[in-house]
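Before any comments, here is the structure.
Quantities reported herein were computed from a predicted structural model and do not represent experimental measurements. Lettering follows sequence order; numbering is per chain, from 1.
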Amino acid sequence: MSTTGKRLSQKQRAREILLRLKLLYPDATCSLNYSTPVQLLVATILSAQCTDERVNKVTPGLFGKFPDAASLAIADLTELENLVRSTGFYRNKAKNIQAACRMIVNEFNSQVPNQMEQLLQLPGVARKTANVVLAHAYGINAGVTVDTHVKRLSQRLGLTKHTDPIRIELDLIELLPQADWENWSIRLIYHGRAICKARSPACIDCQLAELCPSAGE
DNA sequence: ATCCCGAGGG
DNA sequence: CCCTCTGGAT
């Protein structure tokens with residue numbers, strides 16, 4: 001057992017966890033493929049209840065045909081649906097992508113907004129998607145991205161007692177230095193995919209086990 | 001709380 | 001056939 005154990009404050013524990021995650025996943029980045037803010041927004045909308053890997057299989061075809069907000073805004077909806085079908089929830093996603101692109105063209109000067117309030121007005125965009133776009137398209141740490149991995153791992157690590165992603169985000173904002181907000185999310189996502197899985201977490205292989213109140217459960 | 005929805009593995 | 005993957009709107 002290490003000398004770092006149960007006496008650490010939540011904040012100290014969070015920092016220790018992040019330190020280890022940085023060593024474990026030194027090159028972790030956003031796993032979605034994109035080349036513009038609009039493309040990142042679209043890819044992130046598509047990533048709802050879908051792996052980034054699968055999103056990356058449809059975006060080349062999608063962006064090959066409709067590379068920007070202007071073309072997506074006037075695309076044939078059925079064609080859009082077919083291009084994103086394999087990501088699931090394809091009718092909602094196609095409709096939201098087109099409506100969001102129309103708003104971007106008509107109300108935001110063809111630019112993806114760089115403000116949380118504006119992003120949240122776009123259909124299909126809530127805090128998770130908005131935080132991803134702000135962090136990776138604009139380098140703005142407006143909040144902590146809380147997807148299903150960040151939610152699950154933060155809970156298991158005992159860093160929040162909430163179930164609502166917005167409450168969890170507020171807890172994480174208090175625990176982490178702003179400069180590390182996106183580092184935290186990106187690495188928890190990597191760790192969630194590889195080790196701390198939803199069903200059968202591999203606590204045996206987990207480098208965070210001694211810092212985790214849920215280890216072995 | 002419920003609905004939206006597909007791909008791939010076993 | 002069953003399980004796993006992994007947000008948003010109403």
Side-chain angles (χ1 to χ4, degrees), chain A residues 25 28-34 38-62 72 77-104 112-113 115-137 142-157 160 162-172 181-182 184-203 205-206 214:
Chain A
Y25 312 105
T29 57
C30 175
S31 1
L32 294 168
N33 298 145
Y34 62 96
V38 172
Q39 290 186 4
L40 176 58
L41 173 68
V42 170
T44 308
I45 290 174
L46 290 175
S47 77
Q49 295 293 95
C50 178
T51 60
D52 288 0
E53 186 180 355
R54 179 153 304 283
V55 172
N56 289 337
K57 288 182 179 175
V58 311
T59 44
L62 178 64
L72 286 163
L77 187 55
T78 301
E79 185 175 4
L80 222 45
E81 288 178 352
N82 288 330
L83 284 166
V84 305
R85 176 178 303 274
S86 69
T87 67
F89 303 133
Y90 62 93
R91 290 188 192 89
N92 282 337
K93 287 178 181 177
K95 177 161 48 71
N96 287 153
I97 286 167
Q98 181 153 77
C101 285
R102 288 178 176 171
M103 281 186 70
I104 288 169
V112 176
Q115 306 267 328
M116 176 65 75
E117 301 305 313
Q118 273 75 354
L119 282 167
L120 293 179
Q121 294 174 26
L122 301 173
V125 178
R127 290 195 67 90
K128 183 262 181 178
T129 299
N131 275 323
V132 167
V133 170
L134 289 170
H136 295 105
V144 180
T145 301
V146 179
D147 75 337
T148 187
H149 294 298
V150 176
K151 173 182 177 179
R152 183 180 70 252
L153 271 66
S154 298
Q155 290 169 333
R156 285 179 177 168
L157 287 163
T160 182
H162 293 292
T163 57
D164 172 18
I166 296 183
R167 299 285 188 88
I168 293 174
E169 183 179 352
L170 292 177
D171 284 341
L172 294 175
W181 286 352
E182 199 54 27
W184 177 263
S185 296
I186 282 291
R187 286 173 175 81
L188 278 202
I189 290 167
Y190 271 65
H191 197 63
R193 292 202 277 239
I195 305 290
C196 192
K197 301 178 185 182
R199 295 290 172 172
S200 47
C203 302
D205 302 321
C206 184
S214 307

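Under the side-chain hydrogen bond (donor to acceptor under 3.5 Å, both in side chains) criterion, A/Arg156 pairs with no residue at all, not counting sequence neighbours. Judged as a salt bridge (Lys or Arg N to Asp or Glu O under 4.0 Å), and not counting sequence neighbours, the contacts of A/Glu169 are A/Arg127. Checked against side-chain hydrogen bond (donor to acceptor under 3.5 Å, both in side chains), A/Ser214 has no partners two or more places apart in sequence or in another chain. In this structure A/Tyr25 satisfies the ring-ring contact (aromatic ring centres under 6.0 Å, His included) test together with A/Tyr190, A/His191, sequence neighbours excluded. In terms of the salt bridge (Lys or Arg N to Asp or Glu O under 4.0 Å) criterion, residue partners of A/Glu79 (sequence neighbours excluded) are, by chain and number, A/Lys65. With sequence neighbours left out, A/Asp147 forms a side-chain hydrogen bond (donor to acceptor under 3.5 Å, both in side chains) with no residue at all. For A/Arg85, there are no salt bridge (Lys or Arg N to Asp or Glu O under 4.0 Å) partners two or more places apart in sequence or in a different chain. In this structure, the side-chain contact (heavy atoms from CB on, under 4.5 Å) partners of A/Ala99, at least two apart in sequence or on a different chain, are A/Pro123. Residues meeting the salt bridge (Lys or Arg N to Asp or Glu O under 4.0 Å) test with A/Arg152, sequence neighbours left out: none.
Taking the 5' to 3' direction, DNA chain C first and last meets chain A under 4.0 angstrom from a heavy atom at C/dT4 to C/dA9.
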Could you pull out the protein-nucleic contacts involving nucleotides 4-6 of chain B (nitrogen or oxygen on both sides, under 3.5 Å)?
from	atom 1	to	atom 2	distance (Å)
B/dC5	OP1	A/Arg91	N	3.3
B/dC5	OP2	A/Arg91	NH1	2.8
B/dC5	O4'	A/Phe89	N	3.3

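Scanning residues 124-132 of chain A for heavy-atom distances under 4.0 Å to DNA chain C yields A/Gly124, A/Val125, A/Ala126, A/Lys128, A/Thr129.
Residue A/Pro123 is classed as a sugar-phosphate contact, given heavy-atom separations below 4.0 Å to backbone atoms only.
Across the interface with DNA chain C, nearest-nucleotide mapping of A/Asn96 and A/Arg193 shows A/Arg193 to be the residue nearer the 5′ end.
One C1' atom belongs to B/dC4, the other to C/dT6, and the distance between them is 14 Å to the nearest Å. The P atoms of B/dC5 and C/dT4 are separated by 24 Å, rounded to the nearest whole Å.
Annotation for A/Asn131 and A/Gly143: closest pair OD1-N, 3.3 Å, computed over non-hydrogen atoms.
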